[in-house]
Q: 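There's a structure below that I have some questions on.
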Amino acid sequence: MKIAGAGLSDRGRVRPHNEDALLVDLDHGVFAVADGMGGHAAGEVASGLAIEALTERLARPRVDGADVVEMLREAIEESNRRIAQRSEQNPECRHMGTTVVVAVAEGDRYWVAHVGDSRAYLIRGGTLHQLTSDHSFVNELVRLGMLSREQAARDPRRNVVTRALGSGTVVAPDIVEGQAQPGDVLILCSDGLNTMLEDDHILELAVAAGADPAAICARLVDAANGAGGEDNVTVIALGFAGEPAGQP
Ligand code: CA
């Protein structure tokens, strides 16, 4: 399977800084979005440290049969440790943290790990599937049946994440693994996309952009800004093309 990919990050229309960061490494099939928080410059520091650690640990040749799940866990834990360490050293970084969503793609396999409310979506056969479940306060309420998804999308507490890197304690990512089919599109994004655009709109725009990942990123970022651009917005799109592995 051939994998094409692109990424785009934008400050949006309201925030003074872009505290999101991203990693797009097609050579090693590693992709990540981090959405930093903590105020002033601290959010940028946290997301930057996460991407730095993920790049060091994951953006390198893998031995055949490497345990990708274990590598993802280890790389995310290393990000967590570095951010916690920096927080301890710098009082102005005291409460910084970051979300992260990471994808590894290899042949027709993909793995997605996440902590926080940055998301991964898979578009297959004209349908949008959310691969990640937000580690957020409002999503916990949705799971408990105390809020509908529609209420959660408008709830003023929707930015409160229940898991983030940098807390100083061990953070468990959720990891899903799947088999890609030709025509699949995998999207990673920060919440600046999905808080500005409904899922149906994300699907419509991505499909309209065709199979070009750079065009998908540009259209989604433009639309998020067009809808108000209230947050930093980052989008990575991966397109899987060709025959599934194991077939002539
Ligand atoms: Ca955000």
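Numbers for residues simply follow the sequence, beginning at 1. For ligands, and for the atoms within them, numbers begin at 1 and follow the listed sequence. All values derive from a computational prediction rather than experimental measurement.
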Q: Of all the N, O or S atoms in Asp191, which one sits nearest to the Ca ion (ligand 1)?
A: OD1

Q: Among the N, O or S atoms of Asp231, which one sits nearest to the Ca ion (ligand 1)?
A: OD2

Q: Taking the side chain as everything from C-beta on, heavy atoms only, tell me whether Ser133 gets closer than 4.5 Å to Arg143.
A: yes

Q: Is there side-chain contact between Ile216 and Val185, with heavy atoms separated by less than 4.5 Å?
A: yes

Q: Do any of the N/O/S atoms of Asp35, backbone or side chain, fall under 3.0 Å from the Ca ion (ligand 1)?
A: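 True for Asp35.
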
Q: I'd like to check Ile76 versus Arg57 (side-chain heavy atoms, cut-off strictly below 4.5 Å). Are they in contact?
A: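 Heavy-atom side-chain distance check fails, nothing below 4.5 Å.
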
Q: Quick one about Asp184 and Tyr110 (side-chain donor to acceptor, distance below 3.5 Å, no hydrogens or angles considered), yes or no?
A: no

